[in-house]
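Worksheet for the structure shown next.
Since we're looking at a predicted model, the values are computed, not measured.
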There are 2 protein chains.
Amino acid sequence: MAGHGKRVKKQGGTINEVAREAGVSVSTVSRIINGTAFVAEDKRRAVEAAMQRLEFRPNYLARTLITGRSMTVGVIAEDIVSPFYADVIRGVEQALLDTPYQPVLNSGHWSTQYETRAIDTLIYRKVDALLLLGSTLSDDTLRDVAGRVPLILFGRRVPGLEDHCLTLDQRGAALNATRHLIELGHRRIVHLHGPPGQQDAQERRAGYRDALTGCGLPLHPELELQGDFLEQSAAQALTHLLDARVPFTAVFAGNDQMAAGARLALYRRGLRVPDDVSLIGFDDLPASAFTIPPLTTVRQPTYQIGQALARHVLNVLAGQPSTLPDFDLTLILRESTRPLR
Amino acid sequence: MAGHGKRVKKQGGTINEVAREAGVSVSTVSRIINGTAFVAEDKRRAVEAAMQRLEFRPNYLARTLITGRSMTVGVIAEDIVSPFYADVIRGVEQALLDTPYQPVLNSGHWSTQYETRAIDTLIYRKVDALLLLGSTLSDDTLRDVAGRVPLILFGRRVPGLEDHCLTLDQRGAALNATRHLIELGHRRIVHLHGPPGQQDAQERRAGYRDALTGCGLPLHPELELQGDFLEQSAAQALTHLLDARVPFTAVFAGNDQMAAGARLALYRRGLRVPDDVSLIGFDDLPASAFTIPPLTTVRQPTYQIGQALARHVLNVLAGQPSTLPDFDLTLILRESTRPLR
DNA sequence: GTACGTCATGAAAAGGCTTTCAGCAAGAGG
DNA sequence: CCTCTTGCTGAAAGCCTTTTCATGACGTAC
């Protein structure tokens with residue numbers, strides 16, 4: 001059978017072979033590759049020719065083993081798939097594009113176990129820095145990790161690591177969103193919140209309550225519905241509420257995906273948005289500007305955040321002082337809300 | 001100033017130190033780590049204790065340098081951010097979860113340059129296999145890459161690499177979708193297609209034409225509108241068409257995102273879906289089941305595809321024979337289409 | 001009691017590269 | 001003509017493992 005010959009990975013000669021081929025020492029070749037020192041013009045040419053001929057590719061692993069720098073930054077997102085994190089990642093990638101650093105991505109899958117594994121893998125592979133986009137790990141564990149590798153955190157504020165944490169005022173933004181509804185005259189406002197285990201979900205819910213109590217309105221526990229940040233859960237929860245004939249005139253969803261789910265539930269019951277029910281989301285996903293009607297929501301400047309995060313990583317790696325900027329969450333007024341009749 | 005002490009990365013001793021600490025040779029330690037051979041119980045315990053004390057972590061790089069296997073598989077998607085590829089990636093991650101292999105992701109950004117760079121980086125880092133989710137590279141280049149590392153391709157059929165290519169019958173599916181519209185009585189059907197440079201876009205467009213000519217209907221060039229697979233482009237193109245008062249009763253969008261854009265353009269003009277205009281998308285993104293109305297579209301079983309791809313990689317790596325399965329694209333009938341009055 | 005196979009263990013090489021250190025030639029200064 | 005720089009180049013050590021090979025110790029068979 002053919003095919004077993006493939007065992008030998010075509011791997012374009014080593015620095016040794018190049019040196020022999022060009023009639024110089026490996027040190028000289030290394031110097032040419034890295035531009036570490038001047039080398040006579042004729043040798044340089046000989047070496048370059050040899051590299052061509054042998055299809056030489058430096059072995060990054062060997063280099064990293066010696067220098068201790070891999071020129072990679074590990075990025076772990078709770079979920080690469082989520083449109084929200086995806087946009088942050090885009091920003092990170094963009095900011096790293098014209099630097100010698102390469103991002104290496106991995107998912108944490110919202111699970112302590114998988115996240116731990118992903119972190120370990122990346123550290124073993126000697127990433128020069130680690131960027132966590134959300135995390136399910138405890139503060140202690142995180143501090144531990146920070147001792148092993150430069151660590152930058154998004155969406156978590158860990159005591160002791162403040163300089164490398166970027167968080168947003170979720171609570172304040174949720175308060176604003178809810179208040180907007182209140183100012184439009186709504187009093188019975190449903191809130192679809194995410195899992196109690198997630199910090200963002202908690203904070204947004206707190207903001208919702210802040211707004212209500214701040215305006216002297218009563219809290220209605222029956223209007224606080226739990227979902228899992230996906231469309232289906234919201235559609236289901238809201239349908240139950242509708243079936244129970246609990247009255248409400250507005251919905252504040254914990255994220256845009258749940259807003260979409262809520263929207264469909266309403267549509268199924270013949271309720272119009274915004275005429276019968278006002279709807280607000282959170283995140284401003286790219287798709288949310290194109291829903292019917294376009295969704296009023298809270299914009300998280302994810303792309304810029306990604307860029308800022310990456311730039312901070314770069315600074316840290318360069319040993320330069322760097323502080324993470326603050327980002328504002330802004331309410332994007334579109335067409336899914338209107339004054340209560 | 002404090003802080004400069006951090007230069008020394010806390011790095012949990014080497015196998016050498018462990019050996020010294022435990023009073024054995026490095027070979028013995030290595031054997032214990034890898035379970036390569038029997039080791040006396042007392043030494044084993046001594047070594048394990050030493051590893052604990054020194055917080056020993058094997059250096060993967062050194063290991064890879066010797067064994068030639070990194071236990072990673074590189075995954076490059078045209079765009080990690082696109083909901084479509086994201087779901088494929090989820091499948092890949094899932095299938096790799098309980099194997100010793102780790103995925104390492106990277107984006108090609110729909111650009112030959114970036115894709116080339118991403119491939120190089122991954123190969124330099126010695127991934128054991130490479131999985132390309134879409135590619136802008138030429139057949140020749142791809143064959144070249146396949147010579148350097150086991151290569152599996154999704155969305156491309158490269159002569160010579162057929163065994164490792166997974167493609168879907170985009171053309172046939174587009175034909176089906178269009179025919180569905182024709183069977184509902186539609187005659188003037190708009191097609192929003194992607195960039196001419198993309199194979200998928202081409203094929204879907206060809207399928208659309210196949211359906212028309214196959215049913216003996218005339219082609220109307222003015223109804224074929226170009227977009228870029230994003231919402232905005234579709235909204236714009238369709239708005240122009242509407243402004244030009246070109247009549248049509250149905251729209252077949254090249255993907256779901258463009259369908260969303262079209263949907264909004266229609267909404268802006270007071271056209272109802274499906275009452276005034278029928279709409280079909282392509283991809284069946286998770287969000288498309290929750291649009292208003294829920295979108296009729298072509299489902300690509302992305303998650304399963306991701307899993308199949310990953311399993312194939314695993315087989316190839318294990319040296320086992322493996323063939324990529326075939327996947328069917330199915331038309332998901334929801335509520336955005338209806339018979340022409 | 002000698003010879004031999006078995007088995008745990010250690011020494012050393014290998015893997016591909018960077019970097020320190022020493023060497024050597026050439027030009028400058030006396 | 002000799003000494004001192006200056007500057008390019010090569011030898012060799014080192015990074016952290018795995019793996020081959022050799023070495024004893026030990027038990028068994030003859």
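Separating the CZ atom of R20(B) from the P atom of dC16(D) is a distance of 12 Å, rounded to the nearest angstrom. In this entry the distance linking CE of M51(A) with P of dG16(C) reads 17 Å, nearest Å. If you measure from atom CZ of R69(A) to atom C1' of dC15(D), you get 16 Å, rounded to the nearest angstrom. Protein atom CD1 of I15(B) is 8 Å distant from nucleotide atom C1' of dT18(D), rounded to whole Å. Between the P atom of dA25(D) and the CZ atom of F38(B) lies a distance of 23 Å, rounded to the nearest Å. Here the C1' atom of nucleotide dT9(C) and the CG atom of D42(B) are 12 Å apart, to the nearest Å. One interatomic measurement links the two molecules: CD of E17(A) to P of dG15(C), which rounds to 10 Å at whole-angstrom precision. Straight-line distance from the CZ atom of R31(B) to the P atom of dT17(D): 16 Å, rounded to whole Å.
Taking every side-chain heavy atom of S27(B) into account, dA12(C) is the closest of dC8(D), dA12(C), dC16(D). Among the nucleotides dC16(D), dG16(C), dA11(C), the one closest to any side-chain atom of N59(B) is dC16(D). Among the nucleotides dC16(D), dT19(D), dC17(C), the one closest to any side-chain atom of F56(A) is dC17(C).
At dA11(C), none of the side-chain N or O atoms of S25(B) fall inside 4.0 Å of OP1 or OP2 (strictly under the cut-off).
At a threshold of 4.0 Å, the pair R143(B)-D140(B) counts as salt-bridged, since one of the basic side-chain nitrogens sits closer than that to a carboxylate oxygen. A salt bridge links R90(A) with D87(A): at least one charged nitrogen is closer than 4.0 Å to a carboxylate oxygen.
Of the two residues near DNA chain D, A37(A) and L65(B), the one whose nearest nucleotide lies more 5' is A37(A). Take the nearest nucleotide of DNA chain D for V26(A) and for V39(A): the residue whose nucleotide is more 5' is V39(A). Taking the nucleotide of DNA chain C with the nearest heavy atom to each of K43(B) and A62(B), the more 5' of the two is matched to K43(B).
No hydrogens or angles were tested; on distance alone, nothing pairs the side chain of R63(B) with the base of dG15(C) as donor and acceptor under 3.5 Å. Applying the 3.5 Å distance criterion, the base of dG16(C) shares no donor-acceptor pair with the side chain of R57(A). Taking only distance into account, the side chain of T28(B) never meets the base of dA8(C) through a donor-acceptor pair shorter than 3.5 Å.
Among the protein residues, N16(B) comes within range of the nucleic acid bases, having at least one heavy atom under 4.0 Å from a base atom.
In this structure the side chain of L105(B) never reaches within 4.5 angstrom of the side chain of N106(A), judged on heavy atoms.
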Self-check item: S30(A) and S27(A): CA distance, side-chain angles, deciding distance, side-chain hydrogen bond (donor to acceptor under 3.5 Å, both in side chains) verdict
Solution: CA-CA 5 Å; S30(A) 172; S27(A) 334; over 6 Å; no
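Ring geometry, Y85(B) versus F154(B): the interplanar angle exceeds 60°, so the pair is classed perpendicular (tilted spans 30 to 60°).
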